[in-house]
Enquirer: 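The structure that follows is given in the form of structure tokens.
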Number of protein chains: 2
Amino acid sequence: MNVASGRRGTYKPGRIRDRNLESIIYAAEKEFVKNGFRGTTIQTIADRAGLPKSNVHYYFGSKEKLYLAVLNDIMTIWNEQLGLIDDNDDPAVALDRFIQEKIRLSFAYPDASKLFAMEIISGAPYLRPFLQVELRKFASSRAKIIQKWIDKGLMRNVDPMQLIFLIWSSTQHYADFDVQVLSLMKKQKYSDHMIRDISRGVRDMILTGCGLSLPS
Amino acid sequence: MNVASGRRGTYKPGRIRDRNLESIIYAAEKEFVKNGFRGTTIQTIADRAGLPKSNVHYYFGSKEKLYLAVLNDIMTIWNEQLGLIDDNDDPAVALDRFIQEKIRLSFAYPDASKLFAMEIISGAPYLRPFLQVELRKFASSRAKIIQKWIDKGLMRNVDPMQLIFLIWSSTQHYADFDVQVLSLMKKQKYSDHMIRDISRGVRDMILTGCGLSLPS
DNA sequence: GTCTATATCCGGATAGAC
DNA sequence: GTCTATCCGGATATAGAC
């Protein structure tokens with residue numbers, strides 16, 4: 001016993017802790033997507049993470065704090081792509097880059113996209129401040145850029161906010177509704193080939209809808 | 001007491017029952033959207049419906065049966081609009097009608113749309129059979145019609161399934177993510193004017209994306 | 001047909017052993 | 001730092017009074 005407790009000292013402090021934190025967050029994300037905040041039990045999260053239930057309380061204090069930690073993780077991923085449009089760019093190039101990046105994130109982190117969607121659909125009880133501050137700032141600055149392109153006659157006269165919503169909805173759809181999409185396509189999972197097809201299709205449809213085409 | 005129980009006989013049999021069934025389903029839909037299936041308690045449903053808890057059990061037997069009844073109600077609404085494309089129509093006219101009807105339903109029954117979305121996002125534990133049978137049949141028949149239009153050179157060469165997904169996602173977005181959309185537009189609720197704008201915008205964007213325009 | 005009372009179980013959270 | 005044992009509130013469901 002002395003030996004065992006002594007060995008703990010030989011581990012880099014924080015190693016186990018970091019590993020546990022990460023596996024709990026990962027497990028929590030999956031469970032919250034499946035059952036929602038209230039419907040998820042700490043026991044199933046702990047089971048999925050391979051830890052005893054009280055470890056989760058030890059690391060995160062409460063279910064609500066854990067949920068917020070998961071959302072925070074997701075918002076971090078999200079924020080990585082917030083700086084992607086520049087109004088000096090050609091609109092077709094800039095929109096293409098934005099759409100491709102959004103699709104890449106959707107396929108790379110489908111559970112993040114799903115949990116965000118569920119939170120908004122169920123009334124955004126935890127993300128309302130984020131919507132009203134960061135997201136509003138982001139959306140209105142991008143809308144202004146799009147409006148400038150329209151004013152310069154570089155693209156069709158569309159409502160900029162509607163264009164943003166269209167990009168968001170059409171790209172997220174493949175992550176959030178993957179069960180439906182895959183079922184209708186009679187596939188088990190997305191292949192690289194499908195992802196490329198989808199990527200191209202969404203991009204072409206939206207650019208064409210804006211009266212744009214990529215410079216070749 | 002005899003008088004009271006006697007009066008019951010003067011009510012049309014089924015009247016109270018029908019009213020109660022309806023208000024329970026209505027209340028359940030709202031609660032399931034807010035908290036998911038597991039996170040919803042029968043007590044809150046009963047409170048919202050203005051009935052004692054055991055009445056819910058009396059009418060529906062179990063929480064799961066109630067959930068299925070709600071989903072069934074939603075699928076009925078959904079099926080009302082399943083027959084809306086005809087391949088003899090002009091594609092612009094037919095797609096316009098389909099999009100308008102989808103948007104109308106989204107704004108008329110936002111909770112139905114939301115609950116459907118949550119069910120799919122969380123893995124479609126109850127609607128998987130529906131996806132694999134009815135919805136697959138519907139989608140592939142519509143895809144065939146779109147493909148015929150393309151073959152006849154009536155519209156741009158797009159992936160028909162992708163077009164269907166684009167219509168679904170862009171129209172549902174305004175119902176499912178209403179909290180986000182309204183927050184970004186700094187509005188409390190959708191006005192008739194906004195709905196018309198959105199309707200036109202989505203329609204124009206998708207038709208233009210398909211290389212179509214409505215006959216004037 | 002309707003509601004009150006209750007049985008049974010399970011969840012989140014904590015205290016305290018190790 | 002980690003896990004076992006436990007408290008307590010609240011959930012579904014039912015039995016039975018009215």
Side-chain angles (χ1 to χ4, degrees), chain A residues 1-25 27-32 34-71 125-126, chain B residues 1-25 27-28 30-32 34-70 125-126:
Chain A
M1 293 302 143
N2 289 335
V3 178
S5 58
R7 289 189 62 186
R8 227 181 268 128
T10 66
Y11 291 116
K12 260 274 172 56
R15 271 286 164 73
I16 299 176
R17 185 185 183 83
D18 289 351
R19 228 178 50 78
N20 285 349
L21 285 171
E22 198 190 314
S23 60
I24 291 170
I25 292 219
E29 189 177 70
K30 282 211 139 29
E31 288 299 322
F32 283 137
K34 242 187 6 192
N35 299 311
F37 175 68
R38 289 223 186 134
T40 296
T41 71
I42 294 182
Q43 186 65 63
T44 62
I45 294 174
D47 290 349
R48 191 185 273 270
L51 293 166
K53 183 170 71 150
S54 10
N55 244 352
V56 177
H57 276 99
Y58 170 67
Y59 283 119
F60 289 95
S62 73
K63 190 167 126 176
E64 181 167 329
K65 282 180 192 159
L66 171 56
Y67 184 68
L68 289 169
V70 176
L71 282 183
Y126 294 95
Chain B
M1 295 302 142
N2 289 334
V3 178
S5 59
R7 288 189 64 187
R8 226 182 271 129
T10 67
Y11 292 117
K12 259 276 172 55
R15 270 288 163 72
I16 298 177
R17 185 184 184 84
D18 288 350
R19 226 179 52 77
N20 285 350
L21 284 171
E22 198 191 314
S23 59
I24 291 171
I25 292 221
K30 282 211 139 31
E31 288 299 322
F32 283 137
K34 243 189 2 194
N35 298 311
F37 174 68
R38 289 223 187 135
T40 297
T41 71
I42 294 181
Q43 185 66 62
T44 62
I45 294 174
D47 290 350
R48 192 185 272 270
L51 292 167
K53 183 171 69 154
S54 11
N55 244 355
V56 176
H57 275 99
Y58 169 66
Y59 282 120
F60 289 95
S62 74
K63 191 167 128 176
E64 181 167 329
K65 282 181 191 158
L66 171 55
Y67 184 68
L68 288 169
V70 176
Y126 293 95

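Just so we're on the same page: letters track the sequence lines, and every chain starts at 1.
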Enquirer: Nearest to the side chain of B:Tyr58, heavy atoms from C-beta on, is which of C:dG12, C:dG1, D:dT12?
Expert: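 Selected nucleotide: C:dG1.
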Enquirer: Please report, rounded to the nearest Å, how far the C1' atom of C:dT4 is from the CG atom of B:Asn55.
Expert: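 Going from CG in B:Asn55 over to C1' in C:dT4 covers 12 Å.
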Enquirer: Rounded to whole Å, how long is the line connecting atom CZ of A:Phe60 with atom P of C:dA13?
Expert: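 A:Phe60 atom CZ is separated from C:dA13 atom P by 14 Å.
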Enquirer: Contact class for B:Thr44 (heavy atom, under 4.0 Å): base, sugar-phosphate, or nothing?
Expert: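 The answer is nothing, as B:Thr44 stays clear of every strand by at least 4.0 Å.
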Enquirer: Report the distance from atom CD1 of A:Ile24 to atom P of D:dG1, rounded to the nearest whole Å.
Expert: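 Rounded to whole Å, this separation is 13 Å.
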Enquirer: Mind calculating the distance between NE2 (A:His57) and P (D:dC7) to the nearest angstrom?
Expert: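 Result: 17 Å.
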Enquirer: Around atom CD of B:Gln43, are there more than 12 heavy atoms from other residues, nucleotides or ligands closer than 6.0 Å?
Expert: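 Yes, CD of B:Gln43 has more than 12 neighbouring heavy atoms, counting only those of other groups under 6.0 Å.
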Enquirer: Please find the pair of heavy atoms, one from B:Ala49 and one from B:Ser23, that lie closest to each other, and give the distance.
Expert: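 Result for this residue pair: CB-O, 3.8 Å.
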Enquirer: What is the distance, to the nearest angstrom, from the CZ atom on B:Arg38 to the P atom on C:dG12?
Expert: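 Whole-Å distance recorded here is 11 Å.
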Enquirer: Test for a donor-acceptor pair under 3.5 Å between the base of C:dG11 and the side chain of A:Lys63, counting only N and O atoms.
Expert: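 There is none.
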Enquirer: Is the number of heavy atoms from other residues, nucleotides or ligands under 6.0 Å of B:Arg38 CZ greater than 12?
Expert: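 Counting other residues, nucleotides and ligands, CZ of B:Arg38 stays at 12 neighbours or fewer.
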Enquirer: Under 4.0 Å, counting only non-hydrogen atoms across every strand here, what does A:Tyr59 touch: a base, just sugar-phosphate, or nothing?
Expert: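 Answer is sugar-phosphate: A:Tyr59 comes under 4.0 Å of backbone atoms only.
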Enquirer: How many Å lie between CG on A:Leu51 and P on D:dT4, as a whole number?
Expert: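 Interatomic distance, CG of A:Leu51 to P of D:dT4: 11 Å.
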Enquirer: To the nearest Å, how far apart are A:Glu64 CD and C:dG11 C1'?
Expert: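 Between C1' of C:dG11 and CD of A:Glu64: 16 Å.
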Enquirer: Considering only D:dG1, C:dG12, D:dA11, which nucleotide approaches the side chain of B:Thr41 most closely?
Expert: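 Per side-chain heavy atoms of B:Thr41, the pick is D:dA11.
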Enquirer: Can you tell me how far C1' of C:dG12 sits from CD of A:Gln43, to the nearest Å?
Expert: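 Distance check: A:Gln43 CD to C:dG12 C1' gives 11 Å.
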Enquirer: Nearest to the side chain of B:Ser62 - D:dT4, D:dA13, C:dA13?
Expert: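 For B:Ser62, the side-chain atoms sit closest to D:dA13.
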Enquirer: Any side-chain heavy-atom pair from A:Phe37 and B:Asn35 closer than 4.5 angstrom?
Expert: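 They are not in side-chain contact.
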Enquirer: Name the closest nucleotide to the B:Ser54 side chain, picking from C:dT4, C:dT2, C:dA13.
Expert: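 Minimum distance to the B:Ser54 side chain belongs to C:dT4.
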Enquirer: Looking only at non-hydrogen atoms, find the nearest pair between B:Thr40 and B:Glu31 and report the distance.
Expert: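 Shortest heavy-atom separation between B:Thr40 and B:Glu31 comes out as OG1-O, 3.1 Å.
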